Each structure stands twice: as C-alpha cells, then as structure tokens.
Amino acid sequence: MEHDGNRIPTAELRDLFPGCNLPGAGLTVAVSSLMSFPSNELPMLFSYEQLALAAAVLDCRPECLIEFGTGQGTGTLLLAANAPKGAEIHTVDLREECRGNYTSTILRGDSDIGSAFHASLWKNSIRQLLVRPDEPISSFAHLKNRIDFAFIDGDHAYHGVRSDTLIALELGKADATFLWHDFYDFPDYLGESREKRGVYPWLNELAATGQLSLFHISGTYLVAGRRNWGRPIPSRLRQPGDRPGPFGARIVRQGEA
Ligand SMILES: C[S@@+](CC[C@H](N)C(=O)[O-])C[C@H]1O[C@@H](n2cnc3c(N)ncnc32)[C@H](O)[C@@H]1O
C-alpha cells in the first residue's frame with residue numbers, strides 16, 4: 001500500500017522543551033519495574049523516550065494531565081514524578097471485560113493495570129479510569145478544558161488513536177501540550193493496513209488540518225503538538241525511507257543495538 005508523504009518535521013527535545021535543560025529543572029525517575037525486561041524485549045517506552053516524556057512534563061509544568069493507555073503504568077509514573085506537586089494525573093485503560101490479547105501482551109501475564117504506580121509515592125495523585133473502547137466523550141466531561149498535558153498511547157489503530165486524540169483536544173486547554181507514542185514511519189510498516197497502523201496516517205492527517213503544529217522528537221517514536229508553540233522550532237522534514245538518518249535504518253532501540 002502506498003503511504004502519503006510525511007508532513008511532520010523532526011525536532012530536538014531541547015528545542016521543543018527548553019525548560020527541561022535548565023540546571024535544577026527537576027527530577028526524572030528510572031522506573032525500577034523496567035529492570036525485569038531482558039535487553040531484547042522492548043519496554044513500552046525505551047530509555048530516551050522516558051527521558052523525553054519526563055522532560056516535556058518538566059518543561060510544561062502541567063497541573064492536570066491525562067494519559068490514554070495505562071498498561072503497566074510506567075509512563076504514568078513518569079508523568080506523576082515529574083509534574084509539579086499537587087498535579088492531577090488521570091490515566092485511561094480498558095475495562096477488564098473489554099481487554100484482548102494486546103492488553104495481555106502489554107501486561108506480560110499480569111492483570112493489574114497500573115501496577116508500576118500502585119505502590120509508589122505518587123499513587124495518590126493518580127486517578128485511573130477504566131473505559132470501553134469508543135467510550136463517549138461525556139465520560140470525560142469533568143475534565144473538559146482542564147487538561148494541560150495529554151499523552152496518547154492507547155489503541156494504535158487509526159480509529160482508536162483518532163478517537164483518543166479528538167477527546168484529548170476537547171479536554172485540552174488552549175495552550176495544552178499533546179504527546180503521542182508509536183509514530184512509526186518504516187516503509188514496510190506503512191505498507192500494512194492503514195487501519196491497523198494508525199498513528200502515522202492519523203497524525204499526518206491532523207497536521208494537514210493546521211489545528212496543531214506537530215513535531216516528531218528526534219531519537220524517539222514520540223510526536224509533540226501544540227496549537228501554537230509561540231516561537232520557531234528548528235526542524236527538518238524527513239520522508240519514510242529517507243536514510244541515513246542520525247539513527248540508521250531504524251531508530252536504534254536497545255534490543256537492536
Ligand atoms: C502501549 S500500552 C500503554 C503503555 C503506557 N502508556 C506506558 O507508557 O507504559 C497501551 C495500552 O492501551 C490500552 N488500550 C487499548 N485500547 C484502548 C482504548 N480504546 N482505550 C483505552 N486504553 C486502551 C491497552 O489495554 C494497553 O494497556
């Protein structure tokens with residue numbers, strides 16, 4: 001299947017979130033539950049992506065955050081640990097009766113969504129929401145116009161990531177920051193069904209609307225978006241298959257290094 005051209009330029013983490021680079025900016029935590037992964041079994045967010053997520057939160061200083069896709073909760077824990085004291089973190093995953101093989105794989109045999117933060121120092125700032133797929137927006141009404149930071153990492157099928165994004169846009173304040181994971185631009189991946197491999201086509205479609213200004217974060221599979229960044233962001237536009245990039249044929253992940 002042919003893919004459309006990429007409209008989402010690549011930028012450096014420090015240019016997108018410069019506040020993370022200041023001396024004493026804050027904390028990032030290494031989530032100890034990730035130590036149970038062997039090097040060839042990839043965690044949901046590899047190390048530099050965890051740093052990028054933490055850096056974005058440190059820079060934005062959000063008071064109210066939402067994550068779509070809790071999984072084991074390592075991302076949630078990073079959000080909570082790096083957000084200002086008193087911040088509210090909402091994290092969304094599927095109700096038990098709606099979970100399939102994908103969730104089981106993510107949980108690695110566990111059934112405890114959010115296990116990484118349940119016994120952590122941050123557990124009281126995190127609120128879990130378990131939903132059905134295609135949960136109506138009305139279920140999130142209490143968060144409308146309250147969200148400063150949204151991390152979208154749930155269903156990666158086209159309709160799923162689109163639906164989570166549209167909900168996040170409804171909930172987000174005018175200056176909210178949005179982050180998506182799993183922006184894969186490998187030509188072989190894009191050659192698979194658009195419905196299944198939804199993040200790249202959906203985010204490119206969103207970029208084309210001009211509603212948000214989107215940047216892929218170099219060295220990661222993350223994309224960051226805001227309605228207005230308020231300044232020019234140095235960036236370069238790559239197309240799927242353009243190589244060599246700074247990370248070779250694929251961005252190097254720990255298991256491939
Ligand atoms: C990639 S994992 C999330 C990883 C997590 N954000 C992290 O950083 O560790 C994706 C999760 O999204 C959940 N999910 C899938 N479809 C969903 C939906 N429609 N609504 C909410 N969560 C969903 C899955 O059950 C799974 O736990």
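All residue numbers in this chain count up from 1 along the given sequence. When a ligand or atom number is given, it counts from 1 through the structure's own listing order. In this text, all values refer to a predicted model and were calculated from it rather than measured experimentally.
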Q) Numbering the atoms of ligand 1 from 1, which are under 4.0 Å from a heavy atom of Gly69? A) 3 (C), 4 (C), 5 (C), 6 (N), 11 (C), 12 (O)

Q) His90 and Glu67: side-chain donor and acceptor closer than 3.5 Å? A) no

Q. Among Asp153, Leu129, Thr91, Leu94, whose heavy atom sits nearest atom 20 (N) of ligand 1?
A. Leu94

Q: Have a look at ligand 1 and work out which part of Leu107, if any, has a heavy atom under 4.0 Å from it: side chain, backbone, both or neither.
A: neither

Q. Should one rank Asp155, Val131, Leu77, Asp93 by closest heavy-atom distance to atom 26 (C) of ligand 1, which comes out on top?
A. Asp93

Q) Does the pair Arg194/Glu205 count as a salt bridge with the N-to-O cut at 4.0 Å? A) yes

Q. Where does Glu67 meet ligand 1, judged by heavy-atom distances below 4.0 Å: at the side chain, the backbone, both, or neither?
A. side chain

Q) So, do Tyr200 and Val161 sit near enough that their side-chain heavy atoms are less than 4.5 Å apart? A) no

Q) For ligand 1, which atoms have a heavy atom of Gly71 less than 4.0 angstrom away? A) 27 (O)

Q) What residue and atom, counting heavy atoms only, is the protein's closest point to atom 7 (C) of ligand 1, and at what distance? A) Gly75 N, 3.7 Å

Q. Between Phe68 and Phe140, how do the two ring planes meet: parallel, tilted or perpendicular, split at 30° and 60°?
A. tilted

**Q.** Side-chain donor-acceptor contact under 3.5 Å, Tyr184 with His156
**A.** no

Q) Do Thr165 and Trp180 have a side chain donor and acceptor closer than 3.5 Å? A) yes

Q | Any N/O pair Thr103/ligand 1 closer than 3.5 Å | A | yes

Q. For ligand 1, which atoms, with element, lie under 4.0 Å from some heavy atom of Thr74?
A. 7 (C), 9 (O)

(Q) Test of understanding: given a 4.0 Å heavy-atom threshold, classify the contact between Ile106 and ligand 1 as side chain, backbone, both, or neither. (A) side chain

Q) Parallel, tilted or perpendicular for Tyr158 and Trp202, by the 30°/60° rule? A) perpendicular

**Q.** Identity and distance of the protein heavy atom lying nearest atom 1 (C) of ligand 1
**A.** Tyr102 OH, 3.3 Å

Q. Any cation-pi pair here, Arg226 with Trp229, using under 6.0 Å and within 45°?
A. yes

Q) Where does Phe68 meet ligand 1, judged by heavy-atom distances below 4.0 Å: at the side chain, the backbone, both, or neither? A) neither

